[in-house]
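Beneath this line is the structure, given in structure tokens, with notes to follow.
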Amino acid sequence: MKHFTPSHALNRLPEQFFAKLVSKLNTYQENGHDAINLGQGNPDQPTPEHIVQALKDAADNPVYHKYPPFRGFEFLKEAVATYYKREYGVEVDPTTEVAILPGSKTGLVELSQCFLNPDDIALMPDPGYPDYWSGVAMTDAIMEPMPLLQENDFLPDYDAIDQATWEKAKLMFLNYPNNPTGAVADQSFFEQTIEHADKHDVCVVHDFAYGAIGFDGKKPMSFLEVPGAKDVGVEVYTMSKTYNMAGWRIAFAVGNPSVIEALETVQDHYFCSLFGAEQEAAATALLDSQQCVEDLRQTYETRRNLLVGGLNDLGFNVQPCHGSFFVWLKVPEGFTSEAFADDLLEKVGLFVAPGVGFGAHGEGYVRIGLNNPEQTLHDALKRFAKYSKSS
Ligand SMILES: Cc1ncc(COP(=O)(O)O)c(C=O)c1O
């Protein structure tokens, strides 16, 4: 059998961190051990019934059995514009300022392909969602980490980026509410972002995956709410988290028309949009009652209170968690993040994500997901208590 050598682009791809994590957990469970999985970010609840019903009804429509329009149905883009107006007071032109994506993971990789040439710089949050790296690696551009430090509320410090880096920078990825730290951004941070991006011609990609999940009565801000945002970038919004639709693979990008056009052009070659019935169900999700979203948000807030309260009572060092469904926990003295994650798994069957998997500045932390029912989180706390006593 011949072995065909993958392209340089493929060889540059980093190891898929989440795939490696899952295989570690699988091996542990295959060996007969019982583990609580706190390591992943997969929403644990079903898609709200009215959205599933909309898909079932629309599946009968023969219009959707044909190829959909290349760039998706206009009714979905209009629903996105209505959503942004209703939720954030942001005006969006559905035709030129919205692109439908087969999941935001795909869109985030495509954005690097759209704008980066070899040796350009992409500014990356560190720690950050690892899929940003994949697109950059394929283009042979350079990743410049922007450390997210606790003393800066896990926001990048733009003054720490030198002039030469700004000059070569073409793209900047941001994500608030933040995976993995649980931090949120405020208006003044986004204003600084726009100022720097405008000055240095950097395209900002704000990943708003956890836009619906904010705690303590504070609704997370859309980047596009801030004047000037559309001039310098786009926001990427997934249906995966807001509506528990991770398996459906549907998201959208909203904002700067030249960025949207570039995304649409790439996608004209890769895809022929998504199944029309799915697009209709997605429009239903965006336009119908948002009670399901509020219920979901409250569920995560209750879980956060339970887990953070319990961990603090046990003496663990938990970082403030204002949004997203992750808790960012400092590892005890003397451990690396991987050593602590391994120790938790081996001693008490708790599976968490080592912070170093999200970048060098994730070292010293582990990420705990809130994607388990309260009862499981109670059980997890009992295991943390047992771990504390044993160490
Ligand atoms: C920060 C962030 N962005 C993007 C995604 C990808 O979401 P999807 O591809 O389901 O739209 C995730 C998924 O976990 C995420 O955490």
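Keep in mind the model is a prediction, meaning the values are calculated, not measured. Atoms within each ligand, like the ligands themselves, are counted from 1 in listed order.
- Around atom 3 (N) of ligand 1, the closest heavy atom drawn from N178, V236, V109, D207 belongs to D207.
- Atoms of ligand 1 found under 4.0 Å from any heavy atom of R249 (numbered from 1 in listed order, with element): 8 (P), 9 (O), 10 (O).
- Geometrically, ligand 1 and S104 share a nitrogen or oxygen pair separated by less than 3.5 Å.
- In summary, the aromatic rings of Y210 and Y237 are positioned with their centroids too far apart to meet the 6.0 Å limit.
- Less than 4.0 angstrom separates some heavy atom of Y210 from each of these atoms of ligand 1: 1 (C), 14 (O), 15 (C), 16 (O).
- Annotation: Y132 places no N or O atom under 3.5 Å from an N or O atom of ligand 1; distance criterion only.
- In the hydrophobic clustering of this structure, V204 groups with M221; members are Ile, Leu, Val, Met, Phe, Trp, Tyr whose side-chain heavy atoms approach within less than 4.5 Å, directly or through other members.
- When each atom of ligand 1 is checked for a heavy atom of A209 under 4.0 Å away, the hits are 2 (C), 3 (N).
- A perpendicular orientation is assigned to the rings of Y129 and Y132, their planes being inclined by more than 60° (bins at 30° and 60°).
- Surrounding NE2 of H8 are at most 12 heavy atoms belonging to other residues, nucleotides or ligands under 6.0 Å away.
- If you check which protein heavy atom lies closest to atom 14 (O) of ligand 1, you get K241 NZ, 2.7 Å.
- A 6.0 Å sphere centred on NZ of K218 holds no more than 12 heavy atoms belonging to other residues, nucleotides or ligands.
- Every atom of ligand 1 with a heavy atom of N175 under 4.0 Å away is listed here by number and element: 1 (C).
- Counting non-hydrogen atoms of neighbouring residues, nucleotides and ligands closer than 6.0 angstrom, the CD atom of E333 reaches no more than 12 such neighbours.
- In terms of protein heavy atoms, atom 10 (O) of ligand 1 is closest to S240 OG, 2.6 Å.
- In summary, the aromatic rings of F326 and F358 are positioned with their centroids too far apart to meet the 6.0 Å limit.
- Of the N and O atoms on the side chains of S222 and E235, at least one donor lies less than 3.5 Å from an acceptor on the other residue.
- For ligand 1, the atoms lying closer than 4.0 Å to a non-hydrogen atom of T238 are 8 (P), 10 (O), 11 (O).
- Neither the backbone nor the side chain of M239 comes within contact range of ligand 1; no heavy atom lies under 4.0 Å.
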